[in-house]
A.B. asks: 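Here it is, the structure, as structure tokens.
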Amino acid sequence: MTDIPKTYAPHDIEEKWYKFWRDKDYFHAADTSDKPPYSVVIPPPNITGSLHIGHALDNALQDVLIRWRRMQGYNALWMPGTDHAGIVTEIIMEKQLAAWGTSREELGREKFIERMWNWKDESRGTIIDQLEQLGCSCDWERERFTMDEGLSKAVRTAFVQLYNDGLIYRGEYMVNWCPNCQTAVSDLEVEPVEIDGNFYHINYPIKDSDALVEIATTRPETMLGDTAVAVHPEDTRYQHLIGKTAVLPILERELPIIADEYVDLEFGTGALKVTPAHDPNDYEIGQRHELEQVNILNPDGSLNENAGTKYQGMDRFECRKVLVEDLREQEYLIRIVPHPHAVGHHDRCNQIIEPYISPQWYLNVKPLAERSLEAARRGDVVFLPERETKRFYQWMENIEPWPISRQRWWGHQLPIWHCDACEELTVAVTPPSQCAHCNSKEIWQDEEVLDTWFSSGLWPFSTMGWPDETEALKTFYPTSVLVTGWDILFFWVARMIMLGLQCMDEVPFRHVYLHALVADEHGQKQSKSKGNAIDPVPTIHEYGADAFRFALVFSAAPNPYIALAESQIEAGKRFANKIWNASRLLLMHLDDFQPGQPTDLTLCDRWIRSRFNTTVETVTTCLEEFRFNDAAHTLYEFLWHEFCDWYVELIKQRLYYTDDPTAKHTAQAVASEILEGTMRMLHPIMPFITEEIWQRLPHEGESIMTAPWPQPQAAETDPKAEEAMQTIMDVIDGIRSVRGEMNVPPSSEVEIRIQAPNPETAELLTEHLEEYLPAFTRFSQISIAEHQEKPAAAAVAVISDNVIYIPLAGIIDIEKETDRLQKRLNKVLKELTGAQKTLDNPNFVDRAPEAVVQQKRTRLAELESEQEKLATNLEMLG
RNA sequence: GGGCGGGUAGCUCAGUUGGCUAGAGCGACGGCCUUACAAGCCGUAGGUCACAGGUUCAAGUCCUGUUCCGCCUACCA
């Protein structure tokens with residue numbers, strides 16, 4: 001037992017235990033079991049990605065829940081897997097190809113996809129390995145990938161169902177087009193970014209007159225696609241122009257001047273150029289007035305033939321520059337006014353999005369959203385923290401059709417076949433050999449792929465084998481809780497709820513816990529470019545997985561952001577070391593321990609058992625309520641500041657020196673029992689160190705992972721022991737405080753005289769203090785009596801109605817002692833006045849609960865006693 | 001424009017349905033290498049809980065307003 005290293009070295013044990021758990025198959029949850037089910041599906045990380053701190057938090061919390069429920073006796077499934085992450089992954093690959101001097105077009109679709117799969121196979125291990133390093137107890141034999149065969153079938157099945165229900169349709173509308181990625185994206189993928197733009201004021205001549213109308217635009221190049229000018233119908237400035245025709249500068253296209261209430265009288269010049277093909281509002285106006293749509297852009301963002309020969313082929317931003325110069329030269333340009341405004345950027349590549357009309361596939365989510373809202377309102381799914389419910393409602397209530405097609409290659413190809421013969425569509429789960437309408441063999445599959453979030457939306461049931469009716473689905477669906485960051489509530493959580501209700505007729509999870517995003521220690525978002533990101537892997541290496549996990553869980557308050565400082569991880573490491581060393585001490589004195597029930601329990605034994613019992617209750621409640629940080633905090637406080645600071649110190653006497661084998665045995669038994677139980681409670685947060693220590697302690701079973709979660713034992717709650725210990729600890733603190741403040745060196749032995757007017761207190765202190773005190777401070781002799789004479793030149797501490805005298809001849813400084821006591825007295829007086837005032841108020845006595853009043857009275861009496869004793873002693877100092 | 005969250009110790013943050021003396025980690029200061037731990041131990045200082053009202057016997061906690069910060073959402077060219 002003495003071969004335990006002095007400091008905790010995480011690396012030596014982490015790998016060992018993880019392998020042990022896996023070999024024992026503890027992570028696996030059976031499809032059928034007598035145990036009640038508990039299930040969580042992992043938010044699948046990008047298969048080609050690596051673990052960042054947000055993942056670390058997310059998965060640490062899931063592992064806490066899973067390990068805890070598993071210990072509670074649930075058949076706990078943590079379903080792992082990865083996501084193909086369509087566009088981002090493809091962009092990274094394209095960059096790599098460019099570096100190799102080639103491109104996806106050059107390779108062709110088939111070769112490109114082949115490369116993607118190779119890359120996927122190579123990099124899969126990275127993120128999985130990182131999750132393992134973190135200690136995640138995922139059921140690895142169930143690992144899934146969004147593009148594996150089963151999940152692909154699920155995607156096609158869901159698509160076909162939705163199509164047959166008339167919810168999927170194709171249409172040519174205005175979409176957010178990313179010229180860089182050359183695909184449509186949904187509203188959610190567009191991030192408005194404030195830029196320092198300009199307002200370009202331009203004169204449009206009125207046909208057959210010298211009059212001009214001044215318009216203002218932030219995107220002058222779109223004028224090449226203008227097909228009207230609009231004013232507000234009640235705008236007196238422009239009444240005379242309505243119905244007339246303006247002439248587009250440069251292209252000289254004729255533009256009807258129309259009246260539309262959309263136009264804001266106050267904004268700009270009040271006259272709006274209308275570009276139905278390149279602005280969502282103008283598109284609507286165009287629909288209302290049956291305006292022509294002139295598309296001036298190619299998919300790559302360059303200008304097409306409709307823009308005129310001069311501008312054709314230019315990129316849109318280059319065109320803007322040239323065009324503005326031309327307008328200036330031809331005296332159409334009036335002025336350029338700086339105008340900061342938000343412009344949509346693609347969240348995956350950060351390039352400016354263009355509104356663009358193109359044929360896309362849409363999912364009409366409105367009916368699914370209504371069902372989801374009903375389910376949420378009924379409480380079938382509960383959001384935590386509660387404020388997230390409102391966000392969910394708000395988004396669901398204002399939901400727009402979801403454009404689900406992407407003009408990319410990496411992803412699930414639409415299960416749609418076009419027929420060259422009859423031009424009808426065949427939509428099927430399995431590839432058809434002929435057209436369903438005319439039986440022609442001249443069919444080909446649509447080249448587009450689905451939005452990645454479509455397959456992610458099926459994740460809670462596709463991973464369990466849907467559309468097959470598997471045992472896993474029967475057992476584990478709906479899952480118990482989904483744990484993820486609030487930033488993907490709409491992207492992912494909302495879609496899973498909609499698709500879960502659609503495909504499974506039941507919400508995918510009962511609870512959604514939306515945790516914080518991790519920021520740095522100053523509340524700044526962590527990002528690689530800022531250089532303030534904490535990288536989990538080196539962090540685990542430096543501090544250990546347990547320390548890192550503890551820091552994450554300890555910080556996981558229900559806030560939108562966590563400011564995680566390196567110092568908190570450091571604190572986690574120190575905590576691990578504390579656990580290690582407390583265990584080390586105990587283990588060094590367990591050589592002769594024969595497991596068995598402790599017999600003669602002393603006061604402190606009963607106290608620590610009672611405190612442990614309370615801790616079990618608190619921690620369990622915290623976890624039930626997803627208050628992870630409170631759970632961690634409670635355990636930290638108990639283990640460090642109660643068990644280590646007091647209990648362990650108190651039993652050293654019995655462990656080291658006693659000749660009484662029963663006394664020693666009791667100390668050994670209680671201490672190991674408490675530590676063992678605490679390790680079990682701490683296991684979900686710090687799995688490795690707790691297993692290592694648990695294995696060395698007396699225990700039942702082969703792993704802490706499968707050991708039962710501690711149950712509160714009502715019989716061990718002992719308020720009397722807690723009260724008595726509290727009194728003793730207060731007295732000890734009083735003595736320590738005097739010594740500390742008077743700078744009495746720890747080595748010097750002082751005399752202690754305690755006046756305890758209450759006979760019960762006097763008896764308690766007489767019985768225990770002499771025994772307990774040596775663990776905390778040195779003294780030559782101690783006397784406890786109901787009355788004491790104050791020795792000359794003594795320092796004084798007042799604890800409730802007890803007075804502690806410490807004669808300090810030669811050390812004591814009258815002035816310093818006077819200051820010290822006066823300061824205490826002031827503090828007491830301040831609180832006393834307040835308490836007196838409260839109790840003098842008849843309304844308080846009448847209306848406050850009896851317990852609160854009684855509490856206040858007790859406190860007042862205590863304060864009066866302290867005040868009196870402090871005053872007397874001050875007087876004696878002269 | 002609409003909505004949400006926040007302002008508590010030098011820093012980062014806890015503070016369950018209003019009710020004991022507002023707490024923790026880190027940092028600061030003073031003292032200790034006491035055979036589990038200096039990644040430690042002991043002690044000390046530091047807060048008119050953003051501001052102004054209100055409800056209540058009682059407000060960091062509930063309500064109203066003001067202000068500052070952050071975020072989400074939205075079609076102002």
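Letters go in sequence order (proteins before strands), and every chain restarts at 1. Worth saying up front: this structure is predicted, and the values here are computed from it rather than measured. Note: hydrogens, waters and symmetry copies are ignored here, and every other heavy atom, side chains too, is used.
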A.B. asks: Scan A:P849 against the nucleic acid and name what it touches under 4.0 Å (heavy atoms): base, sugar-phosphate only, or nothing.
C.D. replies: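 Touches a base.
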A.B. asks: Given B:rG25, is OP1 or OP2 found less than 4.0 Å from the side-chain N or O atoms of A:H641?
C.D. replies: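 For B:rG25, OP1 or OP2 has a side-chain N or O of A:H641 closer than 4.0 Å.
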A.B. asks: For B:rU34, which nucleotide is its Watson-Crick or G-U wobble mate, given both distances must be under 3.5 Å?
C.D. replies: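 Base partner found: none.
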A.B. asks: Report yes if at least one side-chain N or O of A:K6 is closer than 4.0 Å to OP1 or OP2 of B:rA38; otherwise report no.
C.D. replies: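 The answer is yes; a side-chain N or O of A:K6 sits under 4.0 Å from OP1 or OP2.
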A.B. asks: A:R574 side chain N/O closer than 4.0 Å to the phosphate oxygens (OP1, OP2) of B:rA38?
C.D. replies: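 Looking at the OP1 and OP2 atoms of B:rA38, neither is under 4.0 Å from any side-chain N or O of A:R574.
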A.B. asks: CG of A:L514 versus P of B:rC72: gap in Å, rounded?
C.D. replies: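 Value for this atom pair: 15 Å.
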A.B. asks: Starting the side chain at C-beta, find the nucleotide from B:rC76, B:rU21, B:rC72 nearest to A:F490.
C.D. replies: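 Of the options given, the side chain of A:F490 lies nearest B:rC72.
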A.B. asks: I want to verify a distance call: between B:rC76, B:rG30, B:rG70, whose nearest atom is closest to the A:N743 side chain?
C.D. replies: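 Selected nucleotide (nearest to the side chain): B:rG30.
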A.B. asks: Here's a test of your reading of the structure: between A:L586 and A:P280, which maps to the more 5' nucleotide of RNA chain B?
C.D. replies: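 The 5'-side residue here is A:L586.
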A.B. asks: Does B:rG19 have a Watson-Crick or wobble mate here (both distances under 3.5 Å), and if so which one?
C.D. replies: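 Check on B:rG19: paired to B:rC57, both distances under 3.5 Å.
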A.B. asks: For the side chain of A:E741, counting heavy atoms from C-beta on, which of B:rC76, B:rG43, B:rA36 is nearest?
C.D. replies: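 Closest of the options to the side chain of A:E741: B:rG43.
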A.B. asks: Which nucleotide wins on minimum distance to the side chain of A:A582, given the candidates B:rC20, B:rC71, B:rA36?
C.D. replies: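 For A:A582, the side-chain atoms sit closest to B:rA36.
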A.B. asks: What is the nucleic acid contact for A:C622, judged by heavy atoms within less than 4.0 Å: base, sugar-phosphate only, or nothing?
C.D. replies: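 Answer is nothing: A:C622 stays at 4.0 Å or more from every strand.
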A.B. asks: Does A:S780 use its side chain to pair, donor to acceptor, with the backbone of A:V750 at less than 3.5 Å?
C.D. replies: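 Answer holds: yes.
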A.B. asks: Please state how far atom NZ in A:K652 lies from atom P in B:rU35, giving the value in whole angstrom units.
C.D. replies: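 A:K652 atom NZ is separated from B:rU35 atom P by 9 Å.
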A.B. asks: Could you let me know what B:rU64 is paired to, Watson-Crick or G-U wobble, both distances under 3.5 Å, or none if it's on its own?
C.D. replies: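 With both distances under 3.5 Å, B:rU64 matches B:rA52.
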A.B. asks: Hey, does A:K827 reach any base, or is it just sugar-phosphate, or nothing, if we go heavy atoms under 4.0 Å?
C.D. replies: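 No contact.
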A.B. asks: Does a side-chain N or O from A:K390 land closer than 4.0 Å to OP1 or OP2 of B:rC4, or not?
C.D. replies: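 Checking A:K390 against B:rC4: at least one side-chain N or O falls below 4.0 Å of OP1 or OP2.
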A.B. asks: Check the phosphate of B:rA39 against A:K578, side-chain N and O only, distance under 4.0 Å to OP1 or OP2. Yes or no?
C.D. replies: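 A:K578 to B:rA39 OP1/OP2: no side-chain N or O under 4.0 Å.
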A.B. asks: Before accepting this row, confirm whether a basic side-chain N of the pair A:E741/A:K823 lies closer than 4.0 Å to the acidic partner's carboxylate O.
C.D. replies: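 Salt bridge between A:E741 and A:K823, a charged N being under 4.0 Å from a carboxylate O: no.
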A.B. asks: Between atom CZ in A:R824 and atom P in B:rU21, what is the gap in whole Å?
C.D. replies: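 A:R824 atom CZ is separated from B:rU21 atom P by 18 Å.
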A.B. asks: Consider only side-chain N and O atoms of A:T777 and A:R739, and report whether a donor and an acceptor are under 3.5 Å apart.
C.D. replies: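 Distance-only check passes for A:T777 and A:R739.
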A.B. asks: Work out how far the P atom of B:rC4 is from that of B:rU44, and round it to whole angstrom.
C.D. replies: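 Approximately 45 Å lies between the P atom of B:rC4 and that of B:rU44.
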A.B. asks: Using atom CZ of A:F267 as one end and atom P of B:rA77 as the other, report the distance to the nearest whole Å.
C.D. replies: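 Between P of B:rA77 and CZ of A:F267: 5 Å.
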A.B. asks: Taking atom C1' in both B:rC11 and B:rA58, what distance in whole Å separates the two?
C.D. replies: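 Nearest-Å result for B:rC11 against B:rA58 at atom C1': 33 Å.
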A.B. asks: Between A:Y636 and A:H641, what is the ring plane arrangement, given parallel below 30°, perpendicular above 60°, and tilted in between?
C.D. replies: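 Perpendicular.
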A.B. asks: Strictly below 4.0 Å: does A:Y647 bring a side-chain N or O up to OP1 or OP2 of B:rA36?
C.D. replies: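 Checking A:Y647 against B:rA36: no side-chain N or O falls below 4.0 Å of OP1 or OP2.
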A.B. asks: Measure the distance from CD on A:E570 to C1' on B:rG27 and round it to the nearest whole Å.
C.D. replies: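 Interatomic distance, CD of A:E570 to C1' of B:rG27: 13 Å.
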A.B. asks: What distance, rounded to whole Å, do you find between the two C1' atoms, one in B:rU61 and one in B:rC75?
C.D. replies: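 Looking at atom C1' only, B:rU61 and B:rC75 are 41 Å apart.
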A.B. asks: Tell me which nucleotide among B:rC32, B:rA77, B:rC71 gets nearest to the side chain of A:F199.
C.D. replies: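 The answer is B:rA77, which lies nearest to the side chain.
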A.B. asks: So which nucleotide from B:rG31, B:rA36, B:rA39 ends up closest to the side chain of A:T7?
C.D. replies: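 Selected nucleotide: B:rA39.
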A.B. asks: With both distances under 3.5 angstrom, what nucleotide forms a Watson-Crick or G-U wobble pair with B:rG70?
C.D. replies: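 Here B:rG70 is engaged in a pair, and the nucleotide opposite it is B:rC4.
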A.B. asks: Between B:rU12 and B:rU8, how far apart are the two C1' atoms, rounded to whole Å?
C.D. replies: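 Going atom to atom, C1' in each nucleotide, I get 12 Å.
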A.B. asks: What is the distance from CH2 of A:W640 to P of B:rA24, rounded to the nearest Å?
C.D. replies: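 My rounded result for the distance is 14 Å.
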A.B. asks: Mapping A:D645 and A:A571 onto RNA chain B by nearest heavy atom, which one lands closer to the 5' end?
C.D. replies: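 First, find each residue's nearest nucleotide; the 5'-ward one identifies A:A571.
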A.B. asks: Which heavy atom of A:L697 sits nearest a heavy atom of A:S672, and at what distance?
C.D. replies: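 Taking every non-hydrogen atom into account, CD2-CB, 4.3 Å.
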A.B. asks: Between B:rC42 and A:S737, is there an OP1 or OP2 to side-chain N/O distance shorter than 4.0 Å?
C.D. replies: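 For B:rC42, neither OP1 nor OP2 has a side-chain N or O of A:S737 closer than 4.0 Å.
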A.B. asks: Please give, in whole Å, the distance from B:rC37 C1' to A:K573 NZ?
C.D. replies: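 The distance from NZ of A:K573 to C1' of B:rC37 comes to 13 Å, rounded to the nearest Å.
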A.B. asks: Hey, does the side-chain of A:R391 have a donor or acceptor N/O within less than 3.5 Å of a partner on the base of B:rU73?
C.D. replies: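 No pair found.
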A.B. asks: In whole angstroms, how far is the C1' atom of B:rA74 from the CD atom of A:Q394?
C.D. replies: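 A:Q394 atom CD is separated from B:rA74 atom C1' by 10 Å.
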A.B. asks: Classify the angle between the aromatic ring planes of A:H541 and A:H11 as parallel (below 30°), tilted (30 to 60°) or perpendicular (above 60°).
C.D. replies: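 Answer is tilted, since the angle falls between 30° and 60°.
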A.B. asks: Just to be sure I understand the rule, does A:R627 reach a base, reach only the sugar-phosphate, or reach nothing, if contact means heavy atoms closer than 4.0 Å?
C.D. replies: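 Base contact - A:R627 has a heavy atom under 4.0 Å of at least one base atom.
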A.B. asks: Is any side-chain heavy atom of A:R219 closer than 4.5 Å to a side-chain heavy atom of A:R320?
C.D. replies: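 When only atoms from C-beta onward are counted, A:R320 and A:R219 do touch, with a gap below 4.5 Å.
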